[in-house]
Amino acid sequence: QFEVAESGGGLVQPGGSLRLSCQASGFISDYYAISWFRQAPGKEREGVSCVEIRGDVTNWSGEDRFTVSRDSAKNTVYPEMNSLKPEDTAVYYCAVQSFYCTGQTYEQDYWGQGTQVTVSS
């Protein structure tokens, strides 16, 4: 059974950092991509970053303060957010799709349950 497990959300002060994790298990394809999306209250879900299993990284956020790394042996991706701002407050979702990073929510095959990130003093 395929599972996507997220962790690492929480409350952080403005200017702080947070490291999330997403572990995918049970996926039968040898070629897939793990993406991070976020959804703030009243807004649409938007893509933040994506890592393809071969290592290519896409940063849709346009923010240098958002980075992502991976541990292929564990099928785990680690987004890291630095210099956090109140507007980064959102539910962050991990998603998995076959082949390439597309950034489209409807093209994701599996979703995690989401983890809340709140940036507030």
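Inter-residue side-chain proximity for Tyr78 and Asp71 is flagged as met; some heavy-atom pair is nearer than 4.5 Å. Looking only at side-chain heavy atoms (C-beta outward), Phe66 and Val48 come within less than 4.5 Å of each other. Counting heavy atoms from C-beta outward, Glu52 and Tyr31 have side chains that approach closer than 4.5 Å. No side-chain heavy atom of Asn59 sits less than 4.5 Å from a side-chain heavy atom of Val68. Side-chain contact between Met81 and Arg19: absent, with no pair of heavy atoms (C-beta onward) separated by less than 4.5 Å. Between Asp88 and Arg65 the shortest side-chain heavy-atom distance falls below 4.5 Å. A 4.5 Å side-chain heavy-atom check between Thr89 and Leu84 finds every atom pair outside the cut-off. The closest side-chain heavy-atom distance from Val96 to Asp109 is not below 4.5 Å.
Side chains of Glu107 and Thr102: a donor on one and an acceptor on the other come within 3.5 Å. Side-chain N/O atoms of Asn82 and Ser17 include a donor and acceptor closer than 3.5 Å. Ser21 and Ser7 form a side-chain donor-acceptor contact under 3.5 Å, judged by distance and modelled atom types alone.
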| request: For Val117 and Leu18, run side-chain contact (heavy atoms from CB on, under 4.5 Å): C-alpha distance rounded to whole Å, both residues' side-chain angles, the deciding distance at 0.1 Å, then the answer. | output: CA-CA 9 Å; Val117 172; Leu18 205 59; 3.8 Å; yes
| field | side-chain contact (heavy atoms from CB on, under 4.5 Å) between Gln108 and Ser35, worked out | value | CA-CA 9 Å; Gln108 306 305 311; Ser35 296; 4.1 Å; yes
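Taking the ring centroids of Phe37 and Trp111, they lie under the 6.0 Å cut-off.
Counting only distance, with no hydrogens or angles, the side chain of Glu3 and the backbone of Ser25 share no donor-acceptor pair below 3.5 Å. Remark: side-chain polar atoms of Gln23 are paired, donor with acceptor, to backbone N or O of Lys74 under 3.5 angstrom.
Between atom CD of residue Gln39 and atom CD of residue Glu46 there is a gap of 9.5 Å, rounded to the nearest 0.5 Å. For the atom pair NZ of Lys43 and CD of Glu87, the computed distance is 8.0 Å after rounding to the nearest 0.5 Å. Expressed to the nearest 0.5 Å, how far CD of Gln97 lies from OG1 of Thr105 amounts to 10.5 Å. In this structure, OG in Ser98 is found 12.0 Å from CD1 in Ile53, a value given to the nearest 0.5 Å.
By the 30° and 60° cut-offs, the orientation of the rings of Tyr110 relative to Phe2 is tilted. Using bins of under 30°, 30° to 60° and over 60° for the plane-to-plane angle, the ring pair Tyr92/Trp36 lands in the tilted bin.
Sorted by first and then second residue, the pairs that involve residues 35-100 and meet disulfide (SG to SG under 2.5 Å), not counting sequence neighbours, are Cys22-Cys94, Cys50-Cys101.
Here the closest non-hydrogen pair linking Pro14 and Ser120 is CD-C, 3.6 Å.
Note on Ile34 and Tyr100: same hydrophobic cluster, where clusters join Ile, Leu, Val, Met, Phe, Trp and Tyr whose side-chain heavy atoms are under 4.5 Å apart, directly or indirectly.
Cation-pi geometry between Arg38 and Tyr93 is not met at under 6.0 angstrom from the ring centre and within 45 degrees of the axis.
The environment of CD in Glu44 is sparse: at most 12 heavy-atom neighbours from other residues, nucleotides or ligands sit within 6.0 Å.
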